[in-house]
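I have placed the structure first, in the form of structure tokens, so that the comments after it can refer back to it.
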There are 2 protein chains.
Amino acid sequence: MSGAAPDLPALQRAQSLADQAYQAIREGIATGTFAAGERVTERGLAARLHVSPTPVREALRRLEQDGLIERVSARELRVVEHSPESLHELLLTGAALRALEARFATSKLDEAALDRMAAIVDELGADPVRTIAEYLRLAREFDREIEQAAGNPTLRGLIQSVTFMGQERRMRSIENMRFHPDVAAHRIQGHRDILAALRSRDPDTVERIFRHHAVAGVDLLLTDLDPTQDADRSQGRITG
Amino acid sequence: MSGAAPDLPALQRAQSLADQAYQAIREGIATGTFAAGERVTERGLAARLHVSPTPVREALRRLEQDGLIERVSARELRVVEHSPESLHELLLTGAALRALEARFATSKLDEAALDRMAAIVDELGADPVRTIAEYLRLAREFDREIEQAAGNPTLRGLIQSVTFMGQERRMRSIENMRFHPDVAAHRIQGHRDILAALRSRDPDTVERIFRHHAVAGVDLLLTDLDPTQDADRSQGRITG
DNA sequence: CCGCGACAGATGCTATAGCAGCGTTGCTAT
DNA sequence: ATAGCAACGCTGCTATAGCATCTGTCGCGG
């Protein structure tokens, strides 16, 4: 026997309709089912979800607090539409938050975790032109190591909240990466640098390097999305 | 005449009961009307607030999302009780967020704003042993300059959310400052240093200095609250 | 005296109904 | 034809009632 059976995560009771509505609408916003700027109503959504307006209302209020829904007037709710500036600000803030999380993780990552991350980086570097899904999976695994080591649920919640707001455009842009292998190479180099910084055990370096690459990723993302835009984003720049 | 009448902020229509309940409960948590760890129920609060359970329910869900209320079981809601560790983590995260906001503000603060901040610092330095309320008012004014210059509502929202969670203990601790003039002196010196950093126009310096003082403030706060605790907080330290 | 089971109260969740405010539409009067 | 007004409908908000589930207690049996 390999020891006592480990604790399994407690089975979640079936979520409430309000929770399901929350996730469904959130998902709908992320996937584009609800376009940015589109008006939504309690009764309309309730009909589409085959529930009463009550749980829908709750979901909308939470989404409003999340910044995904806004009330343009007293009786008009709309899916938030981010201006290029606010989206930039959003992604920049997210980048800084994730860099901060990496800082928290610096002193707590053990050798085993660093080795796992090295394996991920190697796998990424072995064949830079893999599928997007594969890249995303590995990158997420890399981030998860940092997340777990940091062990700061408060910060994690903030990151989740911020990153989600730009998710739709982000995902579309990630798909474009298929046509920009140099972008992928850039990001992979970022992972390499971050890992090296973590190995140095210096929190300042970790946060600086992480932030640098995350911000560069944001710039790539936005210029990729909107090629007509000027590449110079020194305005409000987050890195020195 | 001194020009056309400026736009006044639009008068908010009377807030909904749900909003009022949200603020009332939030306030109750901050002021200690609802103790940390205390159980709350929809119907109980509804009776105390003289409204129906519906708006109270909504308020509770939002507070739950804020991290002020937690569900300990499927049918038991409690006011969140922060462990010393999680409180420390919370305040540290808040400190880093505010430092980040200061970074955003660095390039956007005009001379007039810097002069106003200098006046505040001078006023603080003139008589270090003023009342707590006076100190808080001035410090808030100082922060507001940074906040306005940064102009990052997303980040601002995160800061609001995080800072509020530790507010109750924070306020009690601030009251203790009355008996610790050296703490006040320390903080005032912090404001001086931050202002000097802002004048240097170097974002890295600004963020570093701001974070340094904010973290020091957190340490003072916690050791002040719990004198038995070891002063060495290098564990999870946010500054190099 | 201890244990187990049933009943009653409490609690969160959902549906429904009705209210008040606002916008729109269509009609009417000039 | 156009301007004004009135009625209708849409929308968010609140209250209430009922349901399902859990908890705590009381009583009965061993």
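Just so it is clear, the model here is predicted, and its values are computed rather than measured. Below, chain A is the first sequence line, B the second, and so on; all start at residue 1.
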Please check the phosphate of D/dC13 (OP1 and OP2 only) for any side-chain N or O of A/R71 closer than 4.0 Å.
yes
Euclidean distance, atom CG of residue A/L17 to atom C1' of D/dA20 [Å, nearest integer]:
13 Å
Between C/dG12, C/dA15, D/dT14, which nucleotide gets closest to the side-chain atoms of B/P55?
D/dT14
Separation of D/dC13 C1' from A/E64 CD (nearest whole Å):
13 Å
What is the separation between atom CD on B/E76 and atom P on D/dT21, rounded to the nearest whole Å?
19 Å
Counting only side-chain nitrogens and oxygens, does A/T54 get under 4.0 Å of the OP1 or OP2 atom of C/dT14?
no
Is it true that, when you exclude A/R137 itself, more than 12 heavy atoms of the residues, nucleotides or ligands shown sit nearer than 6.0 Å to its CZ?
yes
d(CD, A/E42; C1', C/dA17) in whole Å
14 Å
Is the closest basic N to carboxylate O distance between B/R78 and B/E76 below 4.0 Å?
yes
Going by salt bridge (Lys or Arg N to Asp or Glu O under 4.0 Å), name the pairs with one or both residues in residues 39-54 of chain B, residues two or more places apart or in two chains.
B/E42-B/R57
Looking only at side-chain atoms of B/R61, point me to the closest of C/dC13, D/dT14, C/dT11.
C/dC13
Between B/E58 (CD) and D/dA15 (P), how many Å, whole number?
12 Å
Does the pair A/R103/A/E101 count as a salt bridge with the N-to-O cut at 4.0 Å?
no
The complete set of ring-ring contact (aromatic ring centres under 6.0 Å, His included) pairs with one or both residues in residues 139-176 of chain A, sequence neighbours excluded, reads A/F142-A/H191
For B/L60 and C/dG12, give me the distance from atom CG to atom P, rounded to whole Å.
8 Å
Which atom pairs link the protein and nucleotides 18-20 of chain C when you take only N or O atoms and keep those under 3.5 Å?
unit_1	atom_1	unit_2	atom_2	d
C/dG18	O6	A/R43	NH2	3.3

In B/L97, B/V218, B/V162, B/L87, the residue satisfying side chain to side chain contact (heavy atoms under 4.5 Å, CB included) with B/L92 is B/V218
Heavy atoms from C-beta onward define the side chain here; which of C/dC13, D/dT16, D/dT11 lies closest to that of B/R57?
C/dC13
Find the distance A/L45:CG to D/dT11:P and express it as a whole number of Å.
11 Å
Within the 4.0 Å heavy-atom criterion, would you say A/V40 contacts the bases, only the backbone, or no part of the nucleic acid?
sugar-phosphate
A/Y22 has an atom OH; how far is it from atom P of C/dC13, in whole Å?
16 Å
Just wondering, more than 12 heavy atoms not from A/R144 lying within 6.0 Å of its CZ?
no
